[in-house]
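Notes follow the structure.
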2 protein chains.
Amino acid sequence: MTTIYEVSKLAGVSLATVSRVMNNNTNVSDATRKKVTIAMKELGYRPNSIAQSLASNCSNSVGLLVSEIHGPFYGPMMGSIESTFRAQAKHVIIAAGHSDVEHEQQAIEFLINRNCDGLILHVEALSDEYLIELSKGKTPFVLLNRYIPEIAHHCIILDNVKGGYLAAKHMLEQGHINIAYISGPQWKKDAQDRLNGHKQALAEHNIPFNEQLLYHGDFMEDSGAEGFKYLHNNTQFSALICANDEMATGAIACARESALVLPEQLSVMGFDNVFFTRHIYPPLTTINYPINDMGKMAANWILSEVYKKTTPPIQTVFEPELVVRQSVLVNAQ
Amino acid sequence: MTTIYEVSKLAGVSLATVSRVMNNNTNVSDATRKKVTIAMKELGYRPNSIAQSLASNCSNSVGLLVSEIHGPFYGPMMGSIESTFRAQAKHVIIAAGHSDVEHEQQAIEFLINRNCDGLILHVEALSDEYLIELSKGKTPFVLLNRYIPEIAHHCIILDNVKGGYLAAKHMLEQGHINIAYISGPQWKKDAQDRLNGHKQALAEHNIPFNEQLLYHGDFMEDSGAEGFKYLHNNTQFSALICANDEMATGAIACARESALVLPEQLSVMGFDNVFFTRHIYPPLTTINYPINDMGKMAANWILSEVYKKTTPPIQTVFEPELVVRQSVLVNAQ
DNA sequence: TTGTACGCGTTATCAG
DNA sequence: CTGATAACGCGTACAA
C-alpha cells in the first residue's frame, strides 16, 4: 500500500502539502500541485479512508436501518438513498430491525459503534422516549415515516390522514356505501392516521362509521385474508379498503377463493403502491407512497445537517396520491 | 468519547492490558480482567472501531455489490447476507452496479477504497478478464451467479442448465408439445445455460427444437410482453416458458390482453421464484432459485476466507427446484 | 506558500 | 502475566 509519505518523497514536498492537495485545494501553488498530482498518479496512490476517518473524526459513512431488507417497500427506499450518498462519496451501512424493540436497539448501537456520521432510521417498535433520548446523543439521525412532536425536525413523513381520506373518497365517489376497512395495528401512528382519514371522508359524505365493517389487521398479508373472512362472514359490503397493499393482496386472494368476481362483486383498494400491485389481478387501485422521494430527502437531510452540504430545501411531509387501476368497480349503483 | 487510556487509568493498569481483555482474552489474570471490565462498564467505554481498523489493518466491513438495490431478486439476497454478517459483528456496505460496466467498475473501486476486507459481487456487465485481474489484487471477493473457470473457487452459482431442463420437462410431462421460449440475453451465461437445459429436455423427449418458437428477451418485463406478441403472431403454441419471472409476468399480462384464458389456452412458466410470483394471476409455476441460501453461503465464504472463521463447508453450486402453482394446464392432450 | 510536529484511539512487539 | 513504546496513515495547528 502506497502512503501519503511516499507520494511526498517522490514529489519532493512535505506530506502536509500532499494532504493539502487532496483536501483544501486552497493555499498551494499550481506548480507544486501539479508535481504532487503526477506523483500520485505514478504511484497509483489511493488515500486510506480509515486513516482519514481517524484523523478527521469523520467516517463518511451513514447507517441505514430498515425493518426488513427484503420486502417491496424498503428496496426502492434503500436504492434512492444509496445513489444520493454515493454521488457524494459517502457510503451506507445497512442493518435490519425486524420491527422488534431489541433488534432495532441493537442495530442502532451497532451502527453508532461503527462510527456512522449520521443515521437514517425506519423503526417501528422503538418508543418515542428512546428516540427522544437518542436525539440528545452525538450521532444525528432522521426518522422516516414517523412523527414525534418533540423532535419534529428529525421526521420525514407521509400525510397518512390524507391518504386514508383519498382512498375512502374514491370509493365513495364510485357510489360505494358499505365500505369495509382492514386497518393496520393501532399502536402504529400511520395505521391510526389512515383510519382517521377514512372516517373523515365517510363523515363528509354523511355516512356513519360502522364498527361492524372494521377489522384490525397487522399490515401482513395473512391478516388481510383473515380480515376478509371475518368481515365476509359477519356483514355485507361492496367495497373493501385495506391499510396497505400486502393486506389487500391477501384479501383479494381469499375473496377469489370465496368465488367472488373482482371488481364486479367486490371492489378493493390498497395503500402504498408497492411495485407488485400492478401485477396482481385485478391490478390494484391504491394510494401512492412516494418512498423514493422520501428516501432521497432523508439522504439530503443528512447531507445538509451532518456534512453541511447545500441541498434542495428539506421537505418533511409528503403528499399521497390516488393511483387508479382496475380493482374498483366504477359507478357502482 | 472515553478512550482506552481513561479505562486503563481508572483500572490502574496499562493500555496494553485493556486492549488484551478486549481481544485476546489469553494471558491476563482473572483479577485484572475483572478490574478492567468494571472500569469499562463504569465509563461506558465503547471501542473506537475506526482506530481499531487502522491499527489492526482490518475494517470488519464487507462490500456488497448488486445490480439494483430494489428489485425482488436482490432483496432476499441482501437480507440473508446482512444477517449472517451482523451476527459476526461485520458490517456490510451496499452499492449498486446497474448492470453497466462503468457503474460496476466504479462501485468496486469505491468499495475497495473504503477498505472493505472482502467483497460479494453480483455483476453482470464486467468482463471475465477484469474479474480475473481483480482476483490478483489484495481484496478477496466472491462472485454470485457467475462462473469463471479461471477463478472457479470464487464462484457461487446455480445449476441453470438443470433449471432450464426442469422447466421444460415439467411442461412436456403435462403433455405440451409446442413450447415457446423467451430467453434472456445470450451474452449472459445464465441465460445460455437455461436455454441449453431447455433444449436438452426437448431432445430427451425426441422433440426437435424449433427456432420459430424462440424469442430473445432481455430479462426485463417488457421484453416478455414483446416476446409473447411476436410469438403469438408468428406461430402456434400451447405453452410458454420464460427465462425469468419478470418476463413471464409481462407475457402473462400481454396474453390476457389478447383475451387468452390462462392456463386453459396457454400455460406459462417462469424462473427464479421471486416472491411476487404467487401474487400474480394465475399464480406462477416456476423454478426456485435458492437465493437466500446462496447469499448466506457467499457470506460464509468471506467469513472463512477473509476472517478465518470456521463455517459450514462451502457449497459452490446450488440446485434449482420446480415450484408448481397454477399457471400450467395439467395433462394437456 | 510550505514544512514540522503532534494527535487521532488502537493494536502489536518487545522486554521484564 | 504485564507494561512501555512503536507503529497504523493521515489531518492540522503552528511556525517558518
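Side-chain atoms are counted along with the backbone in the values below, which use heavy atoms only and exclude waters and symmetry mates.
- Using a 4.0 Å heavy-atom criterion, one finds that B:Val13 contacts the sugar-phosphate atoms exclusively.
- Taking the six-membered ring where the residue is Trp, the centroids of B:Phe318 and B:Tyr289 are separated by 6.0 Å or more.
- Distance, B:Tyr5 OH to D:dG3 C1': 13 Å, rounded to whole Å.
- Mapping B:Val28 and B:Asn57 onto DNA chain D by nearest heavy atom places B:Val28 at the nucleotide closer to the 5' end.
- Classification of B:Lys90 and B:Asp117 as a salt-bridged pair fails, no side-chain N sitting under 4.0 Å from a carboxylate O.
- Residue contacts for A:Thr32: at a heavy-atom cut-off of 4.0 Å it reaches the sugar-phosphate backbone alone, with no base atom in range.
- Straight-line distance from the CG atom of A:Asn60 to the P atom of D:dC10: 14 Å, rounded to whole Å.
- Distances shorter than 4.0 Å separate some side-chain N or O of A:Ser29 from OP1 or OP2 on C:dT2.
- The distance between atom NZ of B:Lys9 and atom P of C:dT10, rounded to the nearest whole Å, is 14 Å.
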Strictly under 4.0 angstrom, non-hydrogen atoms only: write out the protein contact profile of nucleotides 4-9 of chain C, one letter per nucleotide from the 5' end, B, S or -.
BB-BBB

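- Checked against a 6.0 Å centroid threshold, the rings of B:His122 and B:Tyr74 count as neighbours.
- With rounding to whole Å, B:Ile50 atom CD1 is found 13 Å from D:dG11 atom P.
- Rounding to the nearest 0.5 Å places CG of A:Asp128 at 9.5 Å from CG of A:Leu126.
- With A:Phe85 as reference, A:Ile120 is the one residue of A:Asn300, A:Asn60, A:Ile120 to meet the side-chain contact (heavy atoms from CB on, under 4.5 Å) rule.
- Using bins of under 30°, 30° to 60° and over 60° for the plane-to-plane angle, the ring pair B:His154/B:Trp301 lands in the tilted bin.
- For the OP1/OP2 pair of C:dT11 and a distance below 4.0 Å, the side-chain nitrogens and oxygens of B:Asn23 include at least one atom meeting the criterion.
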